[in-house]
Amino acid sequence: EAGVTQFPSHSVIEKGQTVTLRCDPISGHDNLYWYRRVMGKEIKFLLHFVKESKQDESGMPNNRFLAERTGGTYSTLKVQPAELEDSGVYFCASSPVLGVMVAGELFFGEGSRLTVL
Amino acid sequence: ILNVEQSPQSLHVQEGDSTNFTCSFPSSNFYALHWYRWETAKSPEALFVMTLNGDEKKKGRISATLNTKEGYSYLYIKGSQPEDSATYLCALLDYGGSQGNLIFGKGTKLSVKP
């Protein structure tokens with residue numbers, strides 16, 4: 001079974017340009033999450049989809065970031081316009097539907113490394 | 001703001017040594033603690049999800065314990081091997097947060113020399 005896949009694996013862009021990252025979760029996983037790790041810091045939560053709905057977007061840094069999950073399958077994260085501080089590794093993770101009070105593991109992709117020059 | 005602390009930041013051991021590291025977290029509103037193993041350029045891989053005070057979990061040579069009252073978890077690796085070299089991340093799931101809103105520590109980077 002395929003794991004979580006992310007594309008591109010590495011993107012180098014100039015400040016002010018736009019980048020779109022894509023995540024394909026494990027088939028059948030309704031929960032999809034985006035996380036980000038800025039160099040030297042901890043991995044931080046960005047947002048959580050349940051199917052196509054945004055369940056929690058409290059971690060989105062500002063309105064330059066737009067996440068979508070049309071049809072509840074793959075998701076995209078667009079950064080427009082990119083700034084230097086957006087550089088980092090963007091992880092996508094997915095998990096299956098769980099009961100209300102169950103804390104299951106997340107299945108992560110390999111990440112998309114973004115470098116903004 | 002909730003903080004998850006991991007120590008040490010990095011660790012260098014010889015093959016065959018046993019080692020352990022610590023994850024500290026605020027004990028109020030605890031819901032679950034996750035441990036992940038991450039090799040650079042690969043996917044973080046779940047090791048354990050722990051929810052109960054006193055939990056002990058084991059996977060091969062790796063085991064973990066949890067103390068929710070005092071707010072810490074230990075990860076142990078018995079007889080370290082070079083393939084254990086990775087960053088070990090712990091992450092807290094807070095009761096007030098949404099499912100999947102994990103609060104990560106910065107990780108402990110383990111290097112095992114042959």
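The sequence lines fix the lettering, A, B, ..., with proteins before strands; numbering per chain opens at 1.
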Going only through I, L, V, M, F, W and Y residues with side-chain contacts under 4.5 Å, is there a path from [X] to [Y]?
X	Y	result
A:F49	A:V79	yes
B:F104	A:M39	no
B:Y76	B:F25	no
B:L11	B:L47	yes
B:W35	B:Y72	no

Which residues, numbered in order, of residues 68-78 of chain A come under 4.5 angstrom of chain B by heavy-atom distance?
-> none

Interface check, chain B: of A:L46, A:V89, A:I43, most non-hydrogen pairs under 4.5 Å belong to A:I43

Flag yes if more than 12 heavy atoms outside B:Q9 fall under 6.0 Å of its CD atom; otherwise flag no.
-> no

If you count the non-hydrogen atoms of other residues, nucleotides and ligands that lie under 6.0 Å from NZ in B:K59, is the total more than 12?
-> yes

Region of A:S58 that comes under 4.5 Å of a non-hydrogen atom in chain B = side chain

Report the distance from atom [atom1] of [X] to atom [atom2] of [Y], rounding to the nearest 0.5 Å.
X	Y	atom1	atom2	result
A:E105	B:F48	CD	CZ	11.5 Å
B:E45	A:F108	CD	CZ	12.0 Å
B:W38	A:F91	CH2	CZ	4.0 Å
B:N3	A:E42	CG	CD	7.0 Å
A:Q6	B:S43	CD	OG	8.0 Å

Examine distances only and state if a side-chain atom of B:Y36 and a backbone atom of A:L106 form a donor-acceptor pair shorter than 3.5 Å.
-> yes

Non-hydrogen atoms of B:K106 and A:R37 that approach each other most closely = O-NH2, 4.5 Å

Nearest heavy-atom contact between A:F45 and B:L102 is CB-O, 4.1 Å

What part of B:L89 gets closer than 4.5 Å to chain A, counting heavy atoms only: side chain, backbone, both or neither?
-> side chain

